[in-house]
Enquirer: 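This is the structure I have questions about; it appears just below.
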Amino acid sequence: MRTRRNKRGKFSKSPNVTKSKRVQELVFTKNWNKKKEITLPNFPFESDHTYCTFGKSDSDDLFDEVLPVDLLPLDHCRYVCELDLIAQQLKHCTTCSINLHLHNSLGVRPYGVTGIVYVKCHICESVNRIRLGKTHHSTEHKRGLGTFDVNTKLATGMLHVGIGERQVNNLFSTMNVHYPHHKTLKSRENEVGIVMETQATNSEQKSLLDEAFQSMTIGAVIDGNYVQAQERMVAYRDVNFKSSKSTLLITTCQSTTNEKDILTCVQFLLQKGAYIKKKDASGRTAIDYCEQNKLFKVKMLMCVTLDSIIAETIRNCF
């Protein structure tokens with residue numbers, strides 16, 4: 001059978017492709033820009049949930065006038081709070097600038113180990129939200145209440161000490177402190193975990209660089225390149241590091257090269273704050289190695305420096 005096209009261009013085997021009047025009145029016809037309006041019968045509609053308020057979100061009621069349903073009394077448990085921040089918020093009401101009082105509080109909404117106190121003004125009867133701690137935003141979009149700092153520090157302390165959520169909650173329940181939900185702790189752990197891993201990686205890299213630098217400096221002193229060692233130590237603060245169970249000053253005094261170069265290097269190290277009485281793994285100091293290698297000028301310099309340090313310490317005591 002020969003196929004034909006209907007008005008919309010679709011193939012149809014039926015020669016007469018028509019639609020009923022009821023369907024044609026509800027859908028587009030030839031003119032696609034005009035559509036027949038459908039009027040519904042005027043029935044009296046009633047909402048099944050009369051307590052709902054349309055056009056209002058309850059995601060964050062910090063700036064909403066409706067009190068939350070999960071308010072707890074002040075004597076329910078203990079909270080971690082910052083007294084300075086609370087005192088600053090109680091100085092004036094947000095509406096009439098009158099001092100607020102905690103005895104007019106309506107309750108506390110807990111957020112982890114801290115929370116928000118709802119205080120009613122005795123003049124204008126407006127409700128003020130008093131935060132018990134400082135907050136921050138972990139993302140670039142600074143919206144809503146934010147995250148309390150003490151909850152983040154709690155997660156940091158948990159990772160530092162090495163305890164879990166159950167141990168923390170047992171401790172807080174014994175102290176009658178409001179304990180955070182396990183999802184809150186996990187969120188805070190994820191927040192600080194990235195930072196702690198980054199700090200650990202940076203610290204490891206710094207330690208490796210310091211160790212390589214110290215080994216190169218000790219190697220230069222052992223080889224007798226005192227000028228090169230001094231150039232490397234100009235911008236380096238700590239000259240009392242130990243490499244191969246010996247300090248840089250002891251390694252310099254162990255050398256048997258030109259005493260003049262050794263004296264110059266020792267004088268530079270003493271100006272940088274090198275410890276004279278520090279011992280190596282065998283229990284010997286830099287002065288002992290000076291006596292062994294017959295570096296008498298170097299020994300005299302260190303003895304004079306040590307006497308001046310002792311005299312200055314005695315003057316400071318009295």
Enquirer: Please examine the side chains of Cys290 and Lys297, heavy atoms only from C-beta on, and report whether any two atoms are closer than 4.5 Å.
Expert: no

Enquirer: Would you indicate whether the side-chain heavy atoms of Leu270 and Ile276 approach each other to under 4.5 Å?
Expert: yes

Enquirer: Where do Cys81 and Ile86 land on the side-chain contact (heavy atoms from CB on, under 4.5 Å) test, with the steps shown first?
Expert: CA-CA 8 Å; Cys81 60; Ile86 296 175; 3.7 Å; yes

Enquirer: Would you say Leu90 and Asn99 make side-chain contact, with heavy atoms under 4.5 Å?
Expert: no

Enquirer: Would a hydrophobic clustering, with Ile, Leu, Val, Met, Phe, Trp and Tyr connected at side-chain separations under 4.5 Å, put Leu85 with Tyr111?
Expert: no

Enquirer: When you measure from the centre of the six-membered ring of Phe148, is the NZ or CZ of Arg131 under 6.0 Å away and within 45° of the axis?
Expert: no

Enquirer: Looking only at heavy atoms, what is the nearest atom pair of His92 and Leu100, with distance?
Expert: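 Heavy-atom minimum between the residues: O-CD1, 4.0 Å.
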
Enquirer: Evaluate side-chain contact (heavy atoms from CB on, under 4.5 Å) for Arg109 paired with Leu72, printing each intermediate quantity in order.
Expert: CA-CA 6 Å; Arg109 186 176 189 183; Leu72 299 177; over 6 Å; no

Enquirer: So, for His178 and Gly112, which heavy atoms are closest and what is the spacing to 0.1 Å?
Expert: ND1-O, 2.7 Å

Enquirer: For the residue pair Pro180 and Phe172, establish whether any side-chain heavy-atom pair is separated by less than 4.5 Å.
Expert: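 Contact flag for Pro180/Phe172 side chains = yes.
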
Enquirer: Where is the tightest heavy-atom contact between Ile250 and Lys278, given as atom of each residue plus distance?
Expert: CD1-O, 3.4 Å

Enquirer: Using a 4.5 Å cut-off on heavy atoms from C-beta on, say whether the side chain of Ile116 contacts that of Leu145.
Expert: yes

Enquirer: Evaluate the criterion side chain to side chain donor-acceptor pair (under 3.5 Å) for residue pair Asp288 and Thr285; output intermediate values, then yes/no.
Expert: CA-CA 5 Å; Asp288 298 334; Thr285 62; 3.3 Å; yes

Enquirer: What are the two closest heavy atoms between Asp149 and Thr135, and how far apart are they?
Expert: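 Of all heavy-atom pairs spanning Asp149 and Thr135, the closest is OD1-C, 3.5 Å.
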
Enquirer: About how many Å separate CG of Leu295 and OG1 of Thr252, when rounded to the nearest 0.5 Å?
Expert: 10.5 Å

Enquirer: Please report the shortest heavy-atom distance between Thr198 and Ile194, naming the atom on each side.
Expert: OG1-O, 2.8 Å

Enquirer: Suppose the criterion is salt bridge (Lys or Arg N to Asp or Glu O under 4.0 Å): which pairs have a residue in residues 190-202, not counting sequence neighbours?
Expert: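 Qualifying pairs: Arg188-Glu191.
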
Enquirer: Quick check for you: to the nearest 0.5 Å, what is the distance between Thr247 atom OG1 and Tyr275 atom OH?
Expert: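 So the OG1 of Thr247 and the OH of Tyr275 are separated by 11.5 Å.
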
Enquirer: Determine whether Tyr79 and Val108 make a side-chain contact, defined as any pair of heavy atoms from C-beta on separated by less than 4.5 Å.
Expert: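 Sidechains of Val108 and Tyr79: in contact.
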
Enquirer: Using every non-hydrogen atom in the two residues, find where Ser126 and Thr95 come nearest and quote the distance to one decimal.
Expert: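 Looking at all heavy atoms of both residues, the closest pair is OG-OG1, 3.4 Å.
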
Enquirer: Given side chains that start at C-beta, do those of Ser105 and Leu74 come closer than 4.5 Å, heavy atoms only?
Expert: yes

Enquirer: Decide yes or no on salt bridge (Lys or Arg N to Asp or Glu O under 4.0 Å) for Glu312 and Arg315, but give the supporting numbers first.
Expert: CA-CA 5 Å; Glu312 184 178 359; Arg315 286 195 302 267; 5.1 Å; no

Enquirer: Determine whether Val304 and Met300 make a side-chain contact, defined as any pair of heavy atoms from C-beta on separated by less than 4.5 Å.
Expert: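 They are in side-chain contact.
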
Enquirer: Is it true that Val80 and Leu171 fall in one hydrophobic cluster, defined by side-chain heavy atoms closer than 4.5 Å?
Expert: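 Cluster IDs for Val80 and Leu171 match.
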
Enquirer: Any chance the side chains of Asn170 and Tyr179 put a donor and an acceptor closer than 3.5 Å?
Expert: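 Asn170 vs Tyr179: no donor-acceptor pair found between side chains.
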
Enquirer: Roughly how far apart are Met196 CE and Glu189 CD, rounded to 0.5 Å?
Expert: 10.0 Å

Enquirer: Starting at CD of Gln199, measure out to CD of Glu204 and round the result to the nearest 0.5 Å.
Expert: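 One gets 13.0 Å once the value is rounded to the nearest 0.5 Å.
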
Enquirer: Between Cys253 and Lys299, does a side-chain contact (heavy atoms from CB on, under 4.5 Å) hold up when you go through it step by step?
Expert: CA-CA 9 Å; Cys253 296; Lys299 177 184 176 182; over 6 Å; no

Enquirer: Can you measure from SG (Cys93) to NE2 (His122) and round to the nearest 0.5 angstrom?
Expert: 9.5 Å

Enquirer: Atom OG1 of Thr251 and atom CG of Leu269: how far apart are they, to the nearest 0.5 Å?
Expert: 10.0 Å

Enquirer: Any link between Ile310 and Leu301 through a network of hydrophobic side chains (Ile, Leu, Val, Met, Phe, Trp, Tyr) touching at under 4.5 Å?
Expert: yes

Enquirer: Leu102, Ile130: one ILVMFWY side-chain cluster at the under-4.5 Å cut-off?
Expert: yes

Enquirer: Which atom pairs, donor and acceptor, lie under 3.5 Å between side-chain atoms of residues 154-168 and protein residues at least two apart or in another chain?
Expert:
residue: Thr156; atom: OG1; partner: Thr152; partner atom: O; Å: 2.9
residue: Glu165; atom: OE2; partner: Asn169; partner atom: ND2; Å: 2.4
residue: Gln167; atom: OE1; partner: Gly164; partner atom: N; Å: 3.2

Enquirer: Indicate, with yes or no, if Met302 and Phe268 share a hydrophobic cluster defined by side-chain heavy-atom contacts under 4.5 Å among Ile, Leu, Val, Met, Phe, Trp and Tyr.
Expert: yes

Enquirer: Looking at Thr94, is its backbone amide N or carbonyl O close enough to the side chain of Asn128 to form a donor-acceptor pair, meaning the two atoms are under 3.5 Å apart?
Expert: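 Side chain of Asn128 to backbone of Thr94, a donor-acceptor pair under 3.5 Å: yes, one is there.
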
Enquirer: Would you please test Arg284 and Lys279 for side-chain contact (heavy atoms from CB on, under 4.5 Å) and show each step?
Expert: CA-CA 5 Å; Arg284 306 180 67 180; Lys279 300 180 181 181; over 6 Å; no

Enquirer: If only atom types and distance count, is the side chain of His181 paired as donor or acceptor with the main-chain N or O of Lys183 below 3.5 Å?
Expert: yes

